[in-house]
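Sequence lines set the chain letters: A, B, ... in the order given, protein chains first and strands last, and positions in each chain run from 1.
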Amino acid sequence: MSNPIALIGRAATYLLLLLAAFISVFPFFWMAVGATNTSADILKGKATPGGALWANMVNFFSSVDMPRILFNSFFIAGVGTALTLLVSSLAGYGFEMFRSRFRERIFGSLLLMLSIPFAALMIPLFIMMANLKLINTYQAIILPTIASIFIVFYFRQATKAFPHELRDAARIDGLKEWQIFFWVYMPVMRSTYAAATIIVFMANWNNYLWPLIVLQTNEMKTLTLVVAGLTSAYTPDWGVVMVGAIFATLPTLIIFFLLQRRFVEGMLGAVK
Amino acid sequence: MAQSGYERSQQVNGWLFVLPALILLGIFMIYPIIWSLWMSFQVGRGMNFSFGGFTNIMRLTQDPVFLRALSNTLIFLAIQVPIMLILALLFANALNDSKLWGRSWFRTAIFLPCVTSLVAYSVVFRSMFAQDGIMNEMLMALQIIDNPIPWLADPFWAKVVIISAITWRWTGYNMIFYLAAMQNIDRSIYEAAKIDGVPAWARFWYITVPMLKPVILFTTVISTIGTLQLFDEPNLITNQGGPSDATLTLSLYIYNLSFRFMPSFGYAATVSYVIVVLVGILTLIQFLVARDRRA
Amino acid sequence: MTSLSTGLKRSLAIALAGVSMFSVTAASAGEITVWAWDPNFNGATMNKAAEIYSAAHPDVTVTVVDFAKADLETKLQAQLASGTTDGLPDIVLIEDYGAQKYLQSFPGAFEPLSGAVDLSGFAPYKTELATLNGQGYSLPFDSGVTGFFYRSDILEEAGYTAADLEDITWSRLIEIGQDIKEKTGQILLPIDPNDAGIFRIMMQSAGSWYFNADGSVNIANNDVFKAALKTYQDLVASGITKPVAGWTEYTGSFTSGDTVGTVTGVWMVGTIKANADQSGQWGIAPIPALDGVEGATHASNLGGSSWYVMSAAPNKAEAIDFLNTVWGQDVNFYQEILVNQGALGSLLAAREGEAYSASDDFFGGAPVWQNFSDWLGAIPAVNYGIFTNEADAAVVAQIPALTSGGNIDEIAAAIEAQVSQQIQ
């Protein structure tokens, strides 16, 4: 520590990290300040808090049926996340624990499927949803996201770290395979689930293009759609947009802070 | 007899665990994929189409917009992915030091961007990079520039904004992967190297990086796929790929061909298979490079 | 493909029916659903119309669903392309440039209104652009009649009056702009290098477009279009423009006093008047004419939109009756939306109303609506064709070449080449 070169290196590290942290957090600060300013002030680049927060909030909440919109967003993201975690972790566990040559091939082909851009799949998906009479329903949004290839990959990687002795012991105790999964694997892997919850919830909450196409009425819109709509008026009120942006960001932030402690731990398993 | 019974039950269980996911993928992924594969051989407008063989593939070679979108996408890939992953690796390495003060604070702050809402962050970036926005104000106050930079109105700077935006959003995400992997590395290796007088940079380069190879490969593949499909940022921040197609990406072009222009679904599907082929080739190269170094 | 998966789909549908999640089913009878894109503008006018209609027809309710304009177009195109009518609204707002694209690409999707509504009462250029095979399909809504909006106080400072802007050409406007810059240091116009609107304004003001009446591409040898390219190049080279990116920066530049004015559609009035502190400091002049072009006028159009009824609409009859009763006849309604939303409708009879003849102190006491109505009648009708988006994209792609002083003929040829390639 007394070495001057090491000290300089130390100082440089802190400087780099401070700069990175500042750049990372600054847009959040900008958003919060924006919510307190009038539209005209935001356009002028005013970087200090103003007194328009209440007016912006009132305008935002009066523009749409906010409780319903929030319910839609939370329902879609919440149910979608729970189902995704269940189905995709089952598959990740299955691919890793019960290896067979044929399933390995299927697994390998999943990666290529991940690379097809969603815009190319929207029309056939829409036709399918119309045939199933699911246009303008929560199911239409949730169903296509449940089997997430990325999350299946993630759980398969994480399962490599799952101690096989635990499974063997459970088998000797006479537990069935599904019981091992639900009673042994899930509790042991709770950090992995916590990390996956953040990733999946974030993706569902931010889902934009597909809900836009499938949801048709005001009662069904999600917060993401509402905020996007606010920005496109002939004369957008940027103060209101900033309030909307904060409300669109808060839930994912809160979930992240709630699960943060387990998050790094959970990623740990996934990269072993 | 008992052995084969066990084998069979293993087989049955294996299928039972993966089946729900495979059924859902079959319906909501494979069916649309087959549809789009079939569409890529069709020509025509809207839903009036006919078999066109390789017409769409020929069209790709003569389409200036496609070539522009392709080169933009590859530029983003070649510049953004290395910058982001190197930054993530450096931050992770700095944060891996257990004696570092404020470690969890830095980690949280740098990770924060990736939990922001997409719409919110694009609105904020657009206003920050406006001509009279805070970015220009700060740079001018620091005397780095004399005149405001037309961030979003100039083809070069618009690319810079998009690269900055994606890097801002995803660096912390990749950093967490590296950080987690670094904590799996046995401390004693570092201690031994330290005693032998190996400098910090060499410890990083000759111990950390090789140990992280599988994670680096994983994040490279995922980031490559993500960047090749880049859509949200150029759509929302630079006004649908502007200015003058400077940030037009392949995904955005597919979207334009399907939903903004006279619908040309067959051709749009063909462009999307260009992305699939690119991902296939690049992933293969990345795996080969990773294997080579190991030898 | 379809037969293979039908069985699977049916069984899945049955399975899903068992899953009882919340869902909103088709609209109930007597409920007219409308898709619009600006809750403060077209959405607000539609709500006002609904209020009037519901007073006389208490059994009918009108629900306006707002989307971003680009989003609405994406939705409509995806839905029409998929061939399913499930979830489509009864009435949809479409920007005029896209009218023929939708009408021609999706035959049978829209209901002709010719028989039910007297379309002769509307501005002819509005009804023509939505006519296909002799049938009119739209109930024309707002006009995009253009004007040159400017800060009269700054012009005055430089020694110019409103009369100096009457009957001028673009080259004269450039001279004035340079003089203003010299005397006051102010930049005249904001220009968004990612938007082809200014070219559309210039072309239509001389009765020309990207395409001929038969739909063939008319760019490389189109003298009007090339004059527009030249004018744009001169504007940028003269130093009287400021580059802006996107709508907000664009409107922000002249409402904040950063630029002196802009050439745009009448619907900008609301945005400008939102800055109450600038009352009396604004003026509106007719737009400059293109230099040396045959048939050049001072009247043009930018944007504007119309209401369409979907053929598959569950409440088609009510929707048509609603449009006809309020939008097709109610002169008082047009006065209200003019005053409250600044929406200049296309119903000619509405011009006789009180609000249209009123003068506006915000614009120095000028009878702005009367002026716009007069210019509206002079807009040359052009056939927008079905590929305006493709042509716009090709023009925008060449703007860097244009601003860096490239050869006009080569640029026009490059644009034509891209458009021809894109519309195959």
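- Panel note: side chain Q229(B), backbone L114(A); a donor-acceptor pair is recorded below 3.5 Å.
- The closest side-chain donor-acceptor pair between W15(B) and S100(A), if any, does not fall under 3.5 angstrom.
- Only the side chain of L209(A) comes within less than 4.5 Å of a heavy atom in chain B; its backbone stays farther off.
- Contact annotation for F26(A): only side-chain heavy atoms (C-beta onward) come within less than 4.5 Å of a heavy atom of chain B.
- Residue F22(A) does not touch chain B at all, counting heavy-atom pairs closer than 4.5 Å.
- S36(B) contributes no side-chain N or O that, together with a main-chain N or O of L121(A), makes up a donor-acceptor pair within less than 3.5 Å.
- For L25(B), the parts lying near chain A are the backbone and the side chain together; criterion is any non-hydrogen pair under 4.5 Å.
- Distance alone, capped at 3.5 Å, places no donor-acceptor pair between the W205(A) side chain and the S117(B) backbone.
- In this structure, F95(A) has its ring center no closer than 6.0 Å to that of F17(B).
- When side chains are defined from C-beta on, F257(A) counts as touching L112(B), because their heavy atoms get closer than 4.5 Å.
- Heavy-atom distances place the side chain of Q260(A), and not its backbone, under 4.5 Å from chain B.
- Contact of I198(A) with chain B is made through the side chain alone, with heavy-atom distances under 4.5 Å.
- Of the two parts of S88(A), neither the backbone nor the side chain holds a non-hydrogen atom closer than 4.5 Å to a non-hydrogen atom of chain B.
- Looking at V87(A), both its backbone and its side chain come within 4.5 Å of chain B, counting heavy atoms on both sides.
- Residue L212(B) does not touch chain A at all, counting heavy-atom pairs closer than 4.5 Å.
- L86(A) does not touch chain B: none of its heavy atoms, backbone or side chain, sits under 4.5 Å away.
- With a 4.5 angstrom heavy-atom cutoff, D232(B) does not touch chain A via any of its atoms.
- In this structure, chain B has a heavy atom under 4.5 Å from the side chain of R171(A), while its backbone stays farther away.
- In this structure a side-chain-to-backbone donor-acceptor pair under 3.5 Å is present from Y14(A) to W101(B).
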